[in-house]
Amino acid sequence: MYIGIDIGGTTVKMGIVNKKGEIFSKISFSTKKSPNEVVLDIKQNIDNLLTKNKLSLKKIKGIGVGCPGTIDSKNGIIYFSCNLGWNNVDFKDMFLKETGYKGEFSIFNDARVATIAEAKFGAGKGVNNFILLTIGTGVGAGIVINKKLYEGALGMAGEIGHVTLVKDGLNCSCGRKGCIEAYASATALINQAKEEMKNNKNSLLYNFDEINGKIIFECAKQNDKTANLIVEKYVEYLGESILSILNVFRPDKLVLAGGISTAGAFLIDKLNKYVQERFYGHKGAIPTDIVQSTLNDNAGIIGAAALNFD
């Protein structure tokens, strides 16, 4: 058995996984601000998972972690994670000292971890070339070329979320302006919704104390004018971002993952239409299909565990 840990901007998810990519037991909890607090919470929840499933730490062959940011996977150091506010965190050393774990340990960027899972067990299985775009608190990506994950220097390739979409545009959490993440993340969608709601006090969105991506798409499905305007603009931002990716890589498939992908066909169909009408050489080119992740929220857990598969 293996343990996979998916550290997100708002939630940490973890589970016990076998080599077939099957999750036997999982748990989630809120992401604390400091890495020390997160490690302590992880240790406690590993203990809870093991106790619940009558296992000991010695029976775990490997523990893998997916975390947002630029990560030196060889040495286990998180250089920079804008969505967590972490800099130069020696996560591996901290984790091993706190847990006392003696087995195989790996840490890698969360989007690349999800890409590994989709390549082995999900929507990317058997696909030669595909891009995974994971959209939640931020925007992450993984690139598979000829069935191999493209890692770049120190495994840091794939920061598509920090490609410029609008020059001198909105502030991004990375410190730059106009990044894709500032316009096409779930966080950005919620911010866009709050602005648009000011123009229509009769929107269904006002029926909720707090709005999120799921609520916005549900209201749009009910033909709420404001929600539809929000979704239409969001599709433009995300669609233009995807067009740039497709024109550079020409993958066989683009897999949409993360919380935003749970909008399913309602969003996927709109994106496919937008992209196929604007794709470079679209009148004579074979379009790249945009599809939903088949592993959904489990991709990060499964991919993290798979870092240590033989």
Side-chain angles (χ1 to χ4, degrees), residues 8-9 68-70 80-85 109-112 114-115 130-143 150 152 156-196 211-213 216-217 220 227-251 253-261 263 266-282 285 287-293:
T70 51
F80 176 58
S81 178
C82 58
N83 289 320
L84 294 174
N109 173 273
D110 59 341
R112 264 72 95 194
T115 304
F130 77 92
I131 307 289
L132 179 131
L133 201 61
T134 179
I135 304 176
T137 304
V139 175
I143 304 162
Y150 177 70
M156 295 181 183
E159 290 296 335
I160 287 171
H162 299 289
V163 171
T164 301
L165 179 63
V166 179
K167 186 178 183 298
D168 296 325
L170 296 173
N171 291 327
C172 181
S173 58
C174 74
R176 298 178 69 237
K177 291 179 180 289
C179 294
I180 286 174
E181 187 167 294
Y183 290 87
S185 64
T187 306
L189 172 63
I190 293 167
N191 290 337
Q192 291 156 19
K194 289 177 179 177
E195 283 300 309
E196 189 60 42
I211 61 168
N212 55 37
I216 294 165
F217 285 111
N228 275 312
L229 286 172
I230 295 162
V231 170
E232 183 180 327
K233 190 63 179 178
Y234 180 74
V235 167
E236 289 181 14
Y237 288 135
L238 183 52
E240 289 299 326
S241 304
I242 289 172
L243 278 168
S244 295
I245 298 167
L246 300 187
N247 286 335
V248 172
F249 292 101
R250 286 289 175 142
K253 186 183 288 188
L254 185 136
V255 180
L256 198 65
I260 214 76
S261 70
F266 184 77
L267 173 61
I268 299 288
D269 290 348
K270 291 178 186 295
L271 285 171
N272 270 309
K273 184 176 185 296
Y274 186 92
V275 167
Q276 288 176 18
E277 287 176 351
R278 295 163 178 81
F279 197 60
Y280 178 75
H282 64 94
T288 297
D289 280 335
I290 302 168
V291 301
Q292 185 179 359
S293 159

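Keep in mind it's a predicted model, so treat the numbers as computed, not measured. If you read the sequence from its start, that first residue is 1, and numbering goes on from there.
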**Q.** Side chain proximity check, Ile260 to Leu189, heavy atoms < 4.5 angstrom
**A.** yes
**Q.** Nearest-0.5 Å distance, CD1 of residue Ile143 to CD1 of residue Ile245
**A.** 8.5 Å
Q: State, with a plain yes or no, whether a side-chain heavy atom of Met156 is found less than 4.5 Å away from one of Asn109.
A: no
Q: Please step through side-chain contact (heavy atoms from CB on, under 4.5 Å) for the pair Phe249 and Leu254, ending with a clear verdict.
A: CA-CA 10 Å; Phe249 292 101; Leu254 185 136; over 6 Å; no
Q | Student check: side-chain heavy atoms of Leu132 and Thr134 closer than 4.5 Å | A | yes
Q | Heavy atoms of other groups near Tyr150 OH, more than 12 under 6.0 Å | A | no
Q: Show your reasoning for whether side-chain contact (heavy atoms from CB on, under 4.5 Å) applies to Ile290 and Lys253.
A: CA-CA 6 Å; Ile290 302 168; Lys253 186 183 288 188; over 6 Å; no
Q | Listed partners of Tyr183 passing ring-ring contact (aromatic ring centres under 6.0 Å, His included), at least two apart | A | Tyr237
Q: Measure the CD-OG1 distance between Glu159 and Thr70 for me, rounded to the nearest 0.5 Å.
A: 7.0 Å
Q) Given His162 and Ile180, is the side-chain contact (heavy atoms from CB on, under 4.5 Å) satisfied, shown in steps? A) CA-CA 6 Å; His162 299 289; Ile180 286 174; over 6 Å; no
Q. Quick one: are Pro251 and Leu246 in side-chain contact, heavy atoms under 4.5 Å?
A. yes
Q.
Any donor-acceptor pair under 3.5 Å linking the side-chain atoms of Ser173 with those of Glu181?
A. yes
Q. Centre of Phe266's six-membered ring, under 6.0 Å away, within 45 degrees of the axis: is that where NZ or CZ of Lys270 sits?
A. yes
Q. Would Lys233 and Glu196 satisfy side-chain contact (heavy atoms from CB on, under 4.5 Å), going step by step from the backbone distance to the final call?
A. CA-CA 10 Å; Lys233 190 63 179 178; Glu196 189 60 42; over 6 Å; no
(Q) Taking the side chain as everything from C-beta on, heavy atoms only, tell me whether Leu238 gets closer than 4.5 Å to Leu133. (A) yes
Q. Within a strict 4.5 Å, meaning less than it, do heavy atoms of the Ile211 and Lys194 side chains meet?
A. yes
Q: For residues Gln292 and Leu256, determine if any side-chain heavy atom of one lies less than 4.5 Å from a side-chain heavy atom of the other.
A: no
Q | Non-hydrogen side-chain atoms of Ile216 and Tyr234 separated by less than 4.5 Å | A | no
